[in-house]
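Below is one structure, written out as structure tokens; the observations come after it.
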Number of protein chains: 2
Amino acid sequence: MPKAYEEIADDLRRQIQAGKWQPGERLPSEEELRRTYDRGVPTIRQALAELETEGLIDKRHGKGTFVRVPRRKVLRTNERHQWEKDRARQAEEVRAQTGVTEHDTGLTVNDLVFNARFYEVEAGEELAEAFGVPVGTALVERVYRTRYAREPAPFNLTHSYLVRDLVAGNPDLLDETKEPWPGGTQNQLHTVGIELDRIVEEVIAARPPTHEEARELGMSPGMAIIHLRKTCIDTDGRVVELSDITLPGDRTRMKFVTPLVRW
Amino acid sequence: MPKAYEEIADDLRRQIQAGKWQPGERLPSEEELRRTYDRGVPTIRQALAELETEGLIDKRHGKGTFVRVPRRKVLRTNERHQWEKDRARQAEEVRAQTGVTEHDTGLTVNDLVFNARFYEVEAGEELAEAFGVPVGTALVERVYRTRYAREPAPFNLTHSYLVRDLVAGNPDLLDETKEPWPGGTQNQLHTVGIELDRIVEEVIAARPPTHEEARELGMSPGMAIIHLRKTCIDTDGRVVELSDITLPGDRTRMKFVTPLVRW
DNA sequence: GAGTGGTCTAGACCACTGT
DNA sequence: CAGTGGTCTAGACCACTCC
């Protein structure tokens, strides 16, 4: 016995993929679909909910149901780190031309809208342990969002932390209006004499977004996000930067190359 | 105006986290909860659906709603690859002691239940391109599942592909009954004269599981999975193995270290 | 058979959007 | 204002599980 909502979802999925409605176009209202399929509204809603978690459609309260417009994809490779390190000692003209986001997206500086907010915070248990500093140590919290000018949602949400005393030698690093910084974090750290030895990236979890995350990243509640933690370790073995990054699962691809020593 | 289902979900979440019901215990039935909260059943169901996507509860048709039992976590680091390469030339006694899964989970061989099925398939467009061979080339498809003996669901679902002619020199590699192979894939390849140069791991996407994946991995439909593609490249630059791995987002942690060259 | 969650219904009312 | 999706209701019937 086939389930009605599955059949409706399958039928609509097929029609969307066949291009019956173009990306951005409105689907028939739930009331119209109810008459089309001769089913109750809740059944229609269940079918639409399924397509929404697949990222095929987008429901907008008061407006209707729309075919989701494909978004700019991001390919984040771990080669970006060496690339950024090489740039960190270049002249400002070179650094200003492209940053890691341009590197990941294939877009140019003019295509991107950048946003940064800085806060002074005290290290809690978790951050204190990660940095190897006492609880309560002054940190700079930097909240970043970069988006493609032609799209409303940013590529990710980034919360980055620095130990304030470690970077206070260059007051510009505490000033959010100086962002976006040409050459990125590795150049910033270079200005206070810090060189990175390695970068550790951890996929902490993949899970559905909170309502907040879904709103900010332009996702439906049923989709998935990746929580990535990036830790920068300097040549003295100290953790000098830590970033918690929330990445939309539907537009993010990550690539990690692990070289092996020869026999 | 607070939403009823949110309030009920919040209340139940609080009670679960406070330990009112232990992991594995049954929650009151929907009918009982309806009376408790003086709301309709659909409202109760909406609240429970939210807790289910968070991985807090587990609904079982005909049985009830249960507090989810925390599962064995897996930490998958990219150091595992060099570790496995170092083992590939060791004596069988050494190789048989531990494999990468034991390395990732901290369990021993006796704790693990291994399952492998082999198939002969022809390369489609995608695999042919990845391997750099003509469409239709004979491949060996190997489907792996490893689980913790005390838990029903495997740690992941793995589909691994090899070019048949490349490994046919050792007939044991085409025989599923020879699995689990002491020393893993890198030792298998070693027996036919292949040495790996590097391993590329790509997070293709994070998304909700299909019904099939949810069932096999013991997940609720609203949770998230990670689709990881691992590519093994040998010292001649050839792709010699490709694996598509489906990882439950709630129990998988991945760690990638990227070393940087010194200034 | 009793109890559980799953599917489906018909309809009320609310909140948001555009005119 | 009309049209849209969001919340909530009361209840029927089915499918699964266990006794």
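Lettering of chains follows the sequences in order, A, B, ..., and the numbering in each one begins at 1. Given the structure is predicted, the values throughout are model-derived calculations rather than measurements.
- Side-chain contact check for B:H227 and B:E213: no donor-acceptor pair (N or O, by modelled atom type) lies under 3.5 Å.
- Take A:H103 and apply the ring-ring contact (aromatic ring centres under 6.0 Å, His included) test, not counting sequence neighbours, and it matches A:W83.
- With sequence neighbours excluded, no residue satisfies side chain to side chain donor-acceptor pair (under 3.5 Å) with B:T105.
- In this structure, B:K3 places its NZ atom 12 Å from C1' of C:dC16, rounding to the nearest Å.
- For B:R39, there are no salt bridge (Lys or Arg N to Asp or Glu O under 4.0 Å) partners two or more places apart in sequence or in a different chain.
- Between the side chains of A:S160 and A:E141, no donor-acceptor pair of N or O atoms lies under 3.5 Å.
- Within residues 34-51 of chain B, the residues having any heavy atom under 4.0 Å from DNA chain C are, by residue number, B:R45.
- Taking a 4.0 Å limit (strictly below) on heavy-atom distances, residues 21-31 of chain A reaches DNA chain D at A:R26, A:S29, A:E30.
- Contacts of residues 56-70 of chain A with DNA chain D (heavy atom under 4.0 Å): A:K59, A:R60, A:H61, A:G62, A:K63, A:G64, A:T65.
- A salt bridge between B:R76 and B:E201 is present, with a side-chain N of the basic residue lying under 4.0 Å from a carboxylate O of the acidic one.
- Note on the helix from C:dG1-D:dC18 to C:dG18-D:dC1: terminal axis deviation equals 10°, with five pairs used at each end and the result rounded to 10°.
- With sequence neighbours left out, B:R150 forms a salt bridge (Lys or Arg N to Asp or Glu O under 4.0 Å) with no residue at all.
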Pairs under 3.5 angstrom only: tabulate donor-acceptor contacts from the side chains of residues 57-67 of chain B to other protein residues two or more places apart or in another chain.
from  : atom 1 : to    : atom 2 : distance (Å)
B:K59 : NZ     : B:E30 : OE2    : 2.9

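- Looking at B:E241 and B:K230, a side-chain N of the basic residue comes within less than 4.0 Å of a carboxylate O on the acidic one, giving a salt bridge.
- The shortest distance between the side-chain N/O atoms of B:Y5 and the OP1/OP2 oxygens of D:dT7 is below 4.0 Å.
- For A:E126, the salt bridge (Lys or Arg N to Asp or Glu O under 4.0 Å) test picks out A:R229, with sequence neighbours left out.
- Checking B:T177 against B:E179 by side-chain atom types alone, no donor-acceptor pair falls below 3.5 Å.
- Evaluation of the ring-ring contact (aromatic ring centres under 6.0 Å, His included) rule for B:F256 yields A:F256 as partners, not counting sequence neighbours.
- Legend: ring-ring contact (aromatic ring centres under 6.0 Å, His included) pairs involving residues 108-130 of chain B, not counting sequence neighbours, sorted by first then second residue: B:F114-B:Y144.
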